[in-house]
Structures are given as structure tokens and as C-alpha cells.
Amino acid sequence: MAYSFPEEVLEHVFSFLSSDRDRNAVSLVCKSWYEIERWCRRRVFIGNCYAVSPDIVIRRFPEVRALEMKGKPHFADFNLVPEGWGAYVHPWIRAMSAAYPLLEEIKLKRMVVTDESLELIARSFKNFKVLVLSSCEGFTTDGLASIAANCRNLRELDLRESEVEDLSGHWLSHFPDNCTSLVSLNMSCLGSEVSFSALERLVARCPNLRTLRLNRAVPIEKLPNLLHRAPQLVELGTGAYSAEIRSDIFSNLAEAFSVCKQLKGLSGFWDVVPAFLPAMYSVCSGITSLNLSYATIQSPDLVKLVSQCRNLQRLWVLDYIEDTGLEALAASCKDLQELRVFPSDPFGAEPNVALTEQGLVSVSEGCPKLQSVLYFCRQMSNAALVTIARNRPEMIRFRLCIIEPQAPDYLTLEPLDAGFGAIVENCKELRRLSMSGLLTDKVFEYIGNHAKKLEMLSIAFAGDSDLGLHHVLSGCESLRKLEIRDCPFGDKALLANAAKLETMRSLWMSSCSVSFGACKLLGQKMPRLNVEVIDERGPPDSRPESCPVEKLYVYRTVAGRRADMPGFVWTMDGDKSLTFS
Amino acid sequence: MELQLELALSSSSGRGSDPNQDCNRRRKRCFDTAFLGVMESVDSPQTLPLLIWDEKQRSNGELHEQKRIHDLAASDRNVEDDVLVGWPPVKSWRKQFGHHSRRVCATNYVNVEHGGGDGGGRGLNSMYVKVKMEGVGIGRKVDLSSHRSYQTLIAKLIAMFGKCEDNVETYKLTYQDKDGDWVLAGDVPWETFVHSAQRLKLQKNGY
């Protein structure tokens, strides 16, 4: 080379690049940039833990400080992935304990984490700071005790939505008296009561605590004690928000909230007694994020609270809010960006609340910044969807669940193709879409033609034939994740678009019409894909090749087939004959 | 001497492959394709599809046939006790906190005691509990509400773990009750068992 730009300078320049895409681009420029970049990459994100192996990651990036990784497919949230499927983090922890002694952060989603793993983390990483376990399972409060006791510089312990075997609340008392570094603690998913005095002392000695999400067992009467010790809190998750109605409890609570001038986010609110909600009014004007999805209170009380929160950007709420409540929301909260409405009675045959498509239409009309929607309801019309699409062309995430599968437009009894077609046609920035209701192959034609930025698509009980799937796979250029259940999609579209699957993170198909023979062919011909057949009826080769498989999970990988499959998962590949345990 | 810079795409992985060697094999890319929107389709492989899609071959009759066959089979799929698995798509712990009126209260208590994430997976009365089989590292989950007797439950568990169903009698089922004690299953009436079992363990009878 005629010149040599000092490595240190390049490294310094690269240190300003935080996005993985930028870093990946940089590493492709030339050999020396590749080398410099890989030695200074500190954060690694792995969207599918089976797409790569610990050894490969460690070999390429020797100095990682933060790992973020996801395991099970999204449909595992709805019990579609049988227990024992995989996503064990332990091999990663084992490998990293040797290779990354300076590791500071581990963030996992939908993975199986054991106490053994937690203990290994606590022992191996002297400077460990951040542990976020989102929708994980497999560990107990004993594992948490190890983390609390040994991680001297722990900043974040966030167990959001994880399934923890709750042996006792004693784990919290394992934080040593000299632990003052906590910034974020989320224990909302735990059942057991922790020692309140230990919690109080912990909160008092951590001056940087910004996020505190309590569990249901922390009673409302004790909340002021914590708030007074942490007036700098930015995010608070209450415990059970109920007590007998006494004026001293109320006034203590109101006073405590009034000193928390920085509060921006509120959650918790189990067992809400409406009489205690006004205690929070003093902070409402600063609130940007409100999670009331556990609050089983009626619309008038919800409206009173929400209309105080003029700067609200994100609202999660139960359908008790009803159409009238959403209309009030649309009138008061002009900064609203994200709305999630959850069903209070998902399995009831009849509607229990007056929430219809109209509520969503109102919000789409009144909230000019609305870009992210998750909405459960019992009726929908093409007209409403067209209106929503025209009102909010900058929509980014649109997830609609009409509770009755294959429900048509309730006004015209037609499929909802035109409505969802309008969504993808108008909302050119749409990145995520979940559909429901009666849908034919036509809607997939619209999606294939228009949804060019769509990255994730969820389909259920929709379509007529392979043509539907073909439109999606051949048309959606940005598609990364596709999850399908109970659709009449078979072999043809899958095999005709096999190459597309290598450009995506993963494909999930359950209760469709993909034959075992097609799965075998796909696995044999596409060595860079893992084609996993999940079938609890027994080995697929004990049935005819034309027999459809129960579940199919296809993902691209550079690590080859995995070695930890349970007895009901088979990988199709051409190297060996079908193997099963 | 002119410095020649080439932009080249590495082959699809981090297997320590050297992207610059690949440079020599590929043509030089122009600025537009290199920088504008290429990264998303970096790995657009040049493989042929495994099947050629024929636009004309899908006649209406074929479409309806495909859907009809699928719908017929659908009744066997994914349905336990007339309830669809995983539908509506609500995370199991969300179901506990909603409106209770149509639900059996006991069911809710069972769900809550399972640690908040367990159970309540499907339907009005579903009651998922964890099951471990002696000698098998990985546990499973079973829906107690989809069974009516100890016999069907044990048979299902044996099948779940891939063992031979013939000798049901050689297996012993124990469960952990609400007090945390491990008790031999079969002594109490089925309904009582269903409402008190927190987790199950299946063992082969000792010799």
C-alpha cells in the first residue's frame, strides 16, 4: 500500500458508528478495515441464536462488551412452539465466560435461561452491568440472588415478561449494602413478596435509579416510602393499586407523587381502585408513556386519567376504554404515537364492551403522529380500514386482531382485502403488519405489490391458495420475518421462492399444507437454511411424503444444523438421512 | 502507482472468510449498487427456484380445491376441546388480568400460582402445568383441562416423552400441590387433582 492511515485514527472514527448496518458496511470496504472494525466492535445483535454459533461470533469479534440475542420464534408467545424446542443460552454463556471476561451487557428475548447460566454470568464477568431477560424462562429466584449478590456494578436488572419460578422474595435481599449502582430494576413479572425494608434501603442508596417496576405484591400504602427515596424516578411501575379507601393513604400517595418531577412513564396498576387514581394527577402532564393494560377499570375512570396526560405518546390499555374513551383520547392526546388496546375477555363469545372499529378510526383522525397500532376488536369494515389508511399514511406498525377468525366486513360481508390493501397502499413506510378477518389471495397481491418496506408479516386463517404466499414471497422486498398459521399454503409457493428464504431471518408455518416431501427437498437443496419440521405426532417419515407437517420453521444460518433438538423436531438436510432422537 | 479500491461483498458469513479475496472474483461494483439499498439484498443468491411458478396454472377450480382440502383438515388441527390453540394471540399472562366473569375462578387461581407466565394458554378452562419425566432433561407442558381421568393423562404424558404406551402401570405420576408437597396422583378425585396440581413428575416404578 502506498500509504497507511493510522489504525488508531480509523478506530476512533469507527467508534462513532453505532448501527450494525454501518459497521457491517465498513467491514466490507477492504481487508484492513475489516480487521480494525472487528477488533473494535463492542456490541453484537443476533436476531436468531441458531443463525450463528458462539465460536463464530467470538472468532470474528474478540472484544465484545454487549450481547443482544433472540431465541424462539414470535409465535412461541402464543403457545405454538412446544416446550423444549430450544433456544438455550447456556452454551453462549459458557463460551463467553472464557472469551469475554470484560462482558458488560446481556439482553435476551425468548430464550431459556437457567440458574446455572445466571450463576455463571455472576461469576465470570467482573464488570457486568446490564441483564435484560425479555419473555425468557427456565430460571428461578435463586438465579436472581446470584446476580444480585455478585455483580458489584449492576446497573440494570430487567425481567420483563419472563416466566420465573418464584421460590421466594428473598433474592432481593442479596444485593450487598455497598451496591449503589442500580439504574433500572424491573421485577414486575414476579409473584412473591420481597422484603420491603430491603427494597426500601436498596432504592434509597441508588441515587441513579431511573426505572423501578414493582411487582403486584408491593402494596399501594408502601409506595410513598419508595417514591420519597427516589424522587428522581423517570419510570415507575406500581404494585397492586388498591387498598381500603382512606384519606391518609390517598394524601400520602398524592404527596409522594408530587415530588417526582421527572416521571415520564407509568405502569403496573393491578387491581386498580379508581378512587386512588387522582393521586397521580400532579405528574400526568409530564407522562409520555402509560401502561394500563392490567387496569380493569371502566371507561369513565380511564378517560379522566388519560385526558390529564396531554403529552402522552404511548398508551397501552384494555378495551374497557371503549369507543367513547378512544374518542376522548383522540381529543386530548395530540402527541400520541403508539396505541395498544388489549381484549379484556378474549374468549367470550359475545362482546363485553362497546369497542368497535370506530374507536380506532377516531384515534386515527385525531392523533396526527399515530404510527404504531395493536388493536383487538370484534368487528371491522373495509370502509374503516380505508379511512384509517388515508388518515395516517405514515403508519409504521399496524397489527389488527379481529377476534373471530375469518370474520368478514360486518357491513358488507365481504372479505377485508380492500381494507388491508388500502393500508399497504397508503402507508408506504409500513414495516410491520398483522392481519385478521376474512382474507382471500387478493390481499396478498396488494401486499406483494405495495408493501415494499414491510419487514414482518403475521398471517392467520387467510388466503385461498399458494398464490397468496407466492405474492408475498415474490413481492415483499424487505421481508425479514414471516409467520403464518392455519392458511392453505402448500408446497408450490414455498419451493418456487426458496431463494427468497435466504434473504430473510425466518419463516414460520403451522397448520398449513406444506408436505413432508417439500420440506425434505427444501432442506436438501438449500444448505444455508435450517428447515425444521416440528411434529408431535411422531417421525414424519412414518407417514406418507405428501402428508402435511404440523409446523415448519425455516431460518438462514451459517452454523449448520443445531445439535440440541428435542424428539419432536427434525432438521431436513441432504447430508445425512433423516435423523431423530 | 494507482491505488485500486474495490468494493466487494463477502460470501454470506462470518466464517472468517476474507472479503478481499472475493474481490478478485467479482466485478467492481458501481457506487449506486454498492451504497444504495444493496445491503438488504446482499445475499440475493443466484440459485434457481426449486420450482418454476406458472402464473397460468392456477385455475379457479384448483384454488378452491386447495382451500377446501385445507379447511377439511383444519378441524383436526390445533383444536383441543373446541378451542383454538394460541388464538386470539394474547400472551398467556395477559389473560389472567382481564374480565373474569365467564371464567371458573379456580382456573384463575391455578394460573396465577403458576408464576404468572404458566398456564392459561388457551381457551376458557385451559390449565397448563409443567411436567418432568425422570431421566429426561427437558420438561414439557400439559393442559390438564383437556383430560378427564388419570389414565388418559398418564397415557398422554408417556406418549409426549416418546416412551412405549403399553405398560402404563409401570409409570408413577406424582404432583406438587398448592402447599408445595409432592403427592402420589390417583388418590383424590380427578377434579380435586386438577385444581390443586402445580406441576407433575412422571417416574418409572422402582424395582
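On a predicted model such as this, the values are computed, not experimentally measured, just so you know. Heavy-atom basis, side chains included; hydrogens, waters and symmetry copies ignored. Each chain gets a letter, A, B and so on, in the order its sequence line appears, and its residues count up from 1.
P88(B) has its side chain out of reach of P343(A): every pair of non-hydrogen atoms, C-beta onward, lies at least 4.5 Å apart.
In this structure, NZ in K130(B) is found 4.5 Å from CD in E163(A), a value given to the nearest 0.5 Å.
Only the side chain of A460(A) comes within contact range of chain B, judged by heavy atoms closer than 4.5 Å. Proximity to chain B (any heavy atom under 4.5 Å) is restricted, for S436(A), to the side chain, taken from C-beta onward. Heavy atoms closer than 4.5 Å to chain B are found in both the backbone and the side chain of L522(A). Both the backbone and the side chain of E161(A) come within less than 4.5 Å of a heavy atom of chain B. Contact of F376(A) with chain B is made through the side chain alone, with heavy-atom distances under 4.5 Å.
Contact record, V85(B) with N79(A): CG1-O, 3.9 Å, taken as the closest heavy-atom pair. Considering all non-hydrogen atoms of both residues, R485(A) and G86(B) come closest at NH1-O, 3.3 Å. Closest approach of L84(B) to F461(A), counting heavy atoms only: CD1-CZ, 3.6 Å.
Here R199(B) pairs with E165(A) in a salt bridge; the nearest charged N to carboxylate O distance falls below 4.0 Å.
W87(B) places no side-chain N or O within 3.5 Å of a backbone atom of E404(A) that could act as its donor or acceptor partner.
Judged as a ring-ring contact (aromatic ring centres under 6.0 Å, His included), and not counting sequence neighbours, the contacts of Y175(B) are F193(B). For the salt bridge (Lys or Arg N to Asp or Glu O under 4.0 Å) test, no residue two or more places apart in sequence or in another chain qualifies with R399(A).
Heavy-atom pairs under 4.5 Å with chain B were tallied for C487(A), A493(A), A295(A); the largest tally goes to C487(A).
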